Amino acid sequence: MATVIRETPADLHPLDLSRADLWREDQWQEPMRQLRAESPIYYCEDSKFGPYWSVTTYKPIQHIEALPKIFSSSWEYGGITVAGDGIEHLKEGEIPMPMFIAMDPPQHTAQRRTVAPAFGPSEIERMRADTQARTAALIDTLPVGEAFDWVERLSIELTTDMLAILFDFPWENRHNLTRWSDALGDIESFNTLEERQQRLATAFEMGAAFKELWDHKAKNPGKHDLISIMLQSDAMNHMSHEEFMGNLILLIVGGNDTTRNSMSAYAYGLHCFPEERAKLEANHDPDLAVNAMHEIIRWQTPLAHMRRTALEDTELFGHQIRARDKIALWYASANRDESIFPDGDRIIVDRENARRHLAFGYGIHRCVGARVAELQLTTLISEMQKRRLRVNVLAEPERVNASFVHVSPHAGRTRALLTAVTAGPISAR
Ligand code: HEM
């Protein structure tokens with residue numbers, strides 16, 4: 001651990017996990033390890049986002065998420081990232097955009113119930129064949145034996161297409177979803193007035209495009225798409241413009257960067273652990289593909305943290321928390337908690353308890369789109385297996401400079417080479 005502390009410049013707090021550079025440089029593991037071992041509930045007095053608590057082990061995170069009446073997600077107090085300061089401390093150029101991930105019951109319950117059926121088991125079954133066909137078709141366009149950008153050609157394409165399908169968004173404009181999602185999921189975009197204004201402009205551009213879709217769907221309702229579902233519900237058909245934009249940001253950032261990163265982690269993670277990749281190449285049992293999917297999501301943890309705000313003075317495992325304290329729940333760390341996931345820094349595709357990961361959160365806000373993400377990643381794994389293709393990563397990815405959306409390699413920077421798998425028997429199909 002000492003290494004990180006010694007190498008940290010004097011003006012940077014070594015245990016401030018919200019520091020963007022720790023994530024950009026992929027240096028978050030050591031401070032997290034130290035906090036898990038020595039101070040799993042830790043008060044960081046000084047950070048760019050003000051003082052906040054860091055919770056880095058598995059059980060306290062579950063505990064906090066199970067008590068939404070004490071530990072709020074509400075946007076009014078700052079919402080779900082360590083960056084927010086709530087409506088009392090809005091900066092110039094910042095307007096609150098309520099979204100249901102950043103609401104407490106009963107409002108959260110009603111809005112979540114509205115969209116949840118779109119991600120339920122029967123919808124997943126309905127989407128399965130199409131997801132498989134799209135994934136297969138896209139893989140078949142990749143240039144085997146030539147260097148190309150995995151993120152741009154595969155991760156972004158597949159997740160953008162899925163999002164466009166979920167919204168029934170105009171297909172020819174679907175890449176705007178990626179652009180909006182990248183810009184609006186960036187918690188480092190509140191630093192200057194200019195950045196905040198740019199962010200607002202992007203949000204309004206997105207809002208205008210979706211308003212058009214909303215008006216169209218009001219006249220031509222669909223059966224399955226998210227906009228029609230919202231339009232037909234009491235909980236969501238009268239949202240203010242800000243809440244409309246907030247919920248769209250939630251659904252596009254929620255569904256886009258996260259799944260994209262898990263697909264990039266499939267390529268990068270298995271490249272880092274070739275012996276685990278070999279297991280998947282040798283054994284095409286569908287259960288192993290599903291387990292590997294959970295394990296990749298655990299190891300990657302596409303959202304590094306969620307945040308809660310204490311609504312009252314309370315005690316937390318011997319620590320005195322005061323009303324309005326910020327509490328960051330570091331899923332990235334809980335998913336490497338040694339007491340739950342031994343050797344957690346490694347991908348182990350047949351890890352027994354991989355599906356216990358907290359990458360989708362826990363409790364009433366647990367990711368409503370988890371099944372869609374799982375379907376996409378499992379399909380990718382099995383379609384690559386069927387084609388006996390291997391991804392060789394040619395250079396380290398460039399990572400996002402923020403502590404929220406985690407290790408999203410930028411498009412254009414993840415060079416990969418697909419090669420045919422030549423070794424290993426196929427034990428099942
Ligand atoms: C690997 C991919 C994904 C990861 C890691 C992920 C992660 C998360 C996490 C950590 C939460 C918050 C949980 C909490 O506070 O306890 C969440 C909530 C949410 N996610 Fe995901 N997500 C993924 C994919 C998706 C997809 C594909 C969609 C939809 C298209 C989606 C939509 C949402 C929504 C709407 C919420 C809010 C749920 C609520 O507040 O009740 N996510 N997700």
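Indexing begins at 1, ligand by ligand and atom by atom, following the structure's order. Just so it is clear, the model here is predicted, and its values are computed rather than measured. Sequence positions, counted from 1, serve as the residue numbers for this chain.
For H365 and E65, the side-chain atoms include no donor-acceptor pair closer than 3.5 Å.
Nearest non-hydrogen protein atom to atom 23 (C) of ligand 1 is T258 OG1, 3.4 Å. Closest to atom 29 (C) of ligand 1, if we only count protein heavy atoms, is F119 CE2, 3.6 Å. Summary of contacts: the protein heavy atom closest to atom 40 (O) of ligand 1 is H365 ND1, 2.6 Å. Atom 34 (C) of ligand 1 has as its closest protein heavy atom V368 CG1, 3.6 Å. If you check which protein heavy atom lies closest to atom 10 (C) of ligand 1, you get A359 O, 3.2 Å. Among protein heavy atoms, the minimum distance from atom 16 (O) of ligand 1 is reached at E65 OE1, 2.4 Å. The shortest contact between atom 19 (C) of ligand 1 and any protein heavy atom is with C367 CA, 3.7 Å. In this structure, atom 6 (C) of ligand 1 lies nearest to the protein heavy atom F360 CD2, 3.6 Å.
Put simply, no part of G363 is less than 4.0 Å from ligand 1, judged by heavy atoms. Under a 4.0 Å heavy-atom criterion, H357 is not in contact with ligand 1.
In summary, the atoms of ligand 1 found under 4.0 Å from a heavy atom of A373, numbered by their order in the structure, are 1 (C), 2 (C), 24 (C). Proximity to Y362 (heavy-atom distance under 4.0 Å) selects the following atoms of ligand 1: 16 (O). Under a 4.0 Å criterion applied to the non-hydrogen atoms of R112, ligand 1 contributes the atoms 38 (C), 39 (C), 41 (O). Those atoms of ligand 1 that come under 4.0 Å of a heavy atom in H108, given as number and element, are 39 (C), 40 (O), 41 (O). The ligand atoms of ligand 1 that sit less than 4.0 angstrom from a heavy atom of I101 are 12 (C), 18 (C), 37 (C), 40 (O). Atoms of ligand 1 lying under 4.0 Å from at least one heavy atom of L251, given by number and element, are 35 (C). Interface of I364 with ligand 1, defined as ligand atoms under 4.0 Å from a residue heavy atom, comprises 41 (O). The atoms of ligand 1 that sit less than 4.0 Å from any heavy atom of L166 are 30 (C).
The residues D345 and R336 are annotated as salt-bridged, a charged nitrogen and a carboxylate oxygen being separated by less than 4.0 angstrom. Using a 4.0 Å cut-off between charged nitrogen and carboxylate oxygen, D343 and R351 do not count as a salt-bridge pair.
Of the candidates A265, G254, A370, it is G254 that places a heavy atom closest to atom 24 (C) of ligand 1.
Looking only at side-chain heavy atoms (C-beta outward), K59 and F317 stay at 4.5 Å or farther from each other. Side-chain atoms of T178 and R260, non-hydrogen and from C-beta on, do get closer than 4.5 Å to each other.
Checking each of W23, Y58, Y42 against W330 for a ring-ring contact (aromatic ring centres under 6.0 Å, His included) leaves exactly one that passes, namely W23.
Smallest separation of non-hydrogen atoms from P60 and V55: CB-CG1, 3.6 Å. The shortest heavy-atom contact between P14 and P31 is O-CB, 3.8 Å.
For ligand 1, the polar-atom distance check finds no N/O of Q376 at less than 3.5 Å from any of the ligand's N/O atoms. Backbone and side-chain nitrogen or oxygen atoms of S262 are examined, and none is located within less than 3.5 angstrom of a nitrogen or oxygen of ligand 1.
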